[in-house]
Amino acid sequence: MAKVDVMMPQMGESVMEGTVIEWTKQIGDAVEVDETLLEIATDKVDSEVPSPEAGILVEILVEEGETIEVGKPIARIETDAAKASVATDAAPTKAPEISPESVETEPSPSPVNDSTETASVAVPGSAQTQPKAADQAVQGTMETIDVIMPQMGESVVEATVIGWMKEVGDTVDEDETILEISTDKVDSEVPSPAKGTLVEIRAQADDTIEVGQVIAVIAVGEGVSAGTSALTSSSTSSTSTRSVDTSSAAPPVTQLTKEQIAAMKPEDLSVQLAPSSGLPASDIPREGSDGQFFSPLVRSIAKEEGVSAQELEQIQGSGQGGRVTKKDILSYIANRTTTSAASSTPTAALSLTRPGSQASSPANVLSEDSRDSIQAGQLDVSRSPKGEVEIIKMDRMRKMISEHMVRSKQTSAHVTTFAEVDVTGLVQWRNKHKQAFQKKTGIKLTFTPLFVEAIIKAMLEYPMMNSSVVGDEIHVKKDINFGIAVALGNGGEGGLIVPVMKKAQQMNLVGLAEEVNNVALKARSKKLRPDDLAGGTITLTNYGSVGNLMGTPIINQPQVAIIGTGAIVKRPMVMETEQGDVIAVRHMMYLSMSYDHRIIDGAHGGAFVSRVKEILEQFDTHRDI
């Protein structure tokens with residue numbers, strides 16, 4: 001047998017290249033036929049690449065984050081065990097395996113021999129730069145895996161760290177969330193690529209990092225726990241020949257090798273991550289009395305500036321889950337300094353007087369009791385209600401919604417049109433078939449896919465309703481990319497997001513129901529990618545789900561319109577029959593549409609809404625599911 005090349009697979013007719021996301025096997029690992037070697041990503045799908053043969057992985061030709069053409073070799077597998085052992089021994093990427101016992105028991109013939117050097121600690125700037133045997137002993141049973149800033153969409157080149165769910169020294173499970181990141185389009189959670197221990201954090205909260213850059217390091221294997229003892233015992237065995245000042249030899253974390261980091265205790269790593277002042281943050285607990293988490297950076301700043309743990313708990317955090325960020329504590333310190341300076345200013349200098357009156361002398365300064373009252377003609381703008389107002393800082397989601405809504409009103413000339421729709425036939429058909437529909441498809445049949453289906457039918461007759469404004473041009477789309485407004489959190493307190501169903505005109509009712517359910521679940525579980533929010537031309541928002549009859553929704557830019565459906569209620573209605581007018585109880589709903597008057601005139605927009613109304617009222621009650 002011989003070496004077998006692993007090729008970049010063809011993931012689709014139009015796919016010409018793929019990007020390596022992560023290697024699940026390393027050089028020297030044994031692999032079975034069809035066992036996953038790596039994960040790759042294309043512009044359409046992420047996929048796993050299996051091993052074509054059983055053997056030993058002896059060469060990796062493409063590193064994580066690199067893009068390679070379809071059909072090119074990405075790795076090599078040796079199917080001959082004897083040849084594989086020779087190949088892996090010669091591979092420069094793997095450190096030789098040396099057991100901790102062999103390092104500890106090796107004799108030390110002279111103060112300058114090799115065994116003495118193994119106990120020394122690498123110091124930045126010295127000539128000693130190669131990993132020593134003790135480090136290699138650790139490395140032989142331990143591996144480190146880089147956590148990479150993920151690609152969140154084709155047009156996204158960077159992302160900002162919102163907050164870390166884990167700290168250095170914490171154990172993590174595979175796929176467990178370790179941090180949250182945000183782009184200009186979506187927030188997302190980053191899972192751990194493997195089970196192990198978080199040994200290094202390279203990007204702090206609020207840092208913006210390019211896609212593909214390393215943001216953390218996770219250690220896996222026995223060396224995570226054994227690393228410290230291996231180095232300690234090796235150092236002890238050679239102290240008689242050479243002393244090492246470890247207090248001065250520990251370099252900053254940015255200059256430590258992965259092997260050194262893995263060999264250190266979590267508490268030592270926390271000190272290394274602290275600011276250069278060297279003041280440990282351990283005097284302030286990681287968690288406050290209310291369970292609020294404080295990062296090492298925040299605790300270090302608090303210690304430097306004399307902020308107590310009690311004060312820290314009173315700071316309103318703007319980070320994820322109300323966490324106190326670096327910006328929050330620095331702002332608190334600045335305000336505290338300003339307040340202290342203001343308190344030393346004489347009260348008389350700050351008092352207000354009525355227009356035309358003489359300034360008060362110190363003798364006429366109001367007493368403490370009278371200062372709380374106000375007389376006719378006075379206005380004390382420095383006073384504010386005490387205990388009456390709760391100040392809540394906007395989180396990132398709320399700021400984005402705020403900016404997006406204001407920009408939409410400033411961009412589009414909004415017009416809203418209403419229609420009253422009799423949906424009795426649609427309601428009766430759904431009530432009759434919803435159980436059979438769920439049994440057949442596994443999905444609950446809501447009104448949303450039925451409304452989307454009717455709107456798409458009308459859009460095919462009114463192609464201008466599938467357009468958008470780009471500069472001074474009108475771009476009419478061929479595919480209908482339909483947006484669904486999804487409220488997040490309890491009662492919508494978590495914000496609002498609009499994922500897009502691509503090529504919705506190709507879906508039947510079952511396909512629409514599945515896609516509506518999928519995008520809603522992805523939105524609420526923070527699994528959306530930026531591409532899932534792009535390309536829409538029209539949106540449906542169901543404000544009737546919370547009992548509202550009608551509304552005037554704001555257009556989701558750069559879309560052309562947004563349609564709202566109100567609550568379906570029973571009302572007595574006058575109906576025309578062959579026998580004359582009768583009064584009957586009907587299921588009624590208000591339909592509204594806000595549209596961009598720059599490209600859609602009132603007559604055209606009104607005709608479109610009337611057509612949607614007509615399709616809903618003429619719903620075929622004899623159709624199959």
How about [atom1] on [X], more than 12 heavy atoms from neighbouring residues, nucleotides or ligands closer than 6.0 Å, or not?
X: Gln316; atom1: CD; result: no
X: Glu66; atom1: CD; result: yes
X: Lys393; atom1: NZ; result: yes
X: Gln435; atom1: CD; result: no

Is [Y] close to [X] at the side-chain level, that is, under 4.5 Å between some pair of heavy atoms?
X: Lys527; Y: Ser188; result: no
X: Phe437; Y: Val510; result: yes
X: Ile563; Y: Phe608; result: yes
X: Val498; Y: Leu533; result: no
X: Met593; Y: Ile562; result: no
X: Lys409; Y: His414; result: yes
X: Glu473; Y: His475; result: yes
X: Leu496; Y: Leu488; result: no

Do [X] side-chain atoms and [Y] backbone N/O form a donor-acceptor pair below 3.5 Å?
X: Ser610; Y: Gly606; result: yes
X: Asn548; Y: Met550; result: no
X: Asn518; Y: Glu514; result: yes
X: Asp479; Y: Asn481; result: no
X: Asp620; Y: His622; result: yes
X: Arg586; Y: Arg571; result: no
X: Glu39; Y: Glu48; result: no
X: Glu174; Y: Lys195; result: no
X: Asp207; Y: Ala203; result: no
X: Thr537; Y: Ser467; result: no

Is a side-chain donor-acceptor pair under 3.5 Å present for [Y] with [X]?
X: Asp328; Y: Ser331; answer: no
X: Thr24; Y: Thr36; answer: no
X: Ser182; Y: Thr160; answer: no
X: Tyr590; Y: Thr565; answer: no
X: Gln559; Y: Thr539; answer: yes
X: Gln557; Y: Thr411; answer: no
X: Asp624; Y: His433; answer: no

Parallel, tilted or perpendicular: rings of His597 and Tyr595 (30°, 60°): tilted
Test: Arg611 cationic atom under 6.0 Å from Tyr462 six-membered ring centre, within 45° of axis: no
Identify whether the distance between the nearest side-chain nitrogen and carboxylate oxygen of [X] and [Y] falls below 4.0 Å.
X: Glu35; Y: Lys25; result: yes
X: Glu176; Y: Lys166; result: yes
X: Arg407; Y: Glu403; result: no
X: Glu180; Y: Lys526; result: yes
X: Glu453; Y: Arg623; result: yes

Working for salt bridge (Lys or Arg N to Asp or Glu O under 4.0 Å), residues Lys522 and Asp532: CA-CA 10 Å; Lys522 289 173 69 176; Asp532 296 328; 3.3 Å; yes
Criterion side chain to side chain contact (heavy atoms under 4.5 Å, CB included) on Ile484 and Val452, from CA distance to verdict: CA-CA 9 Å; Ile484 300 293; Val452 172; 3.9 Å; yes
Candidates Leu512, Leu616, Leu509 - the one meeting side-chain contact (heavy atoms from CB on, under 4.5 Å) with Leu450: Leu509
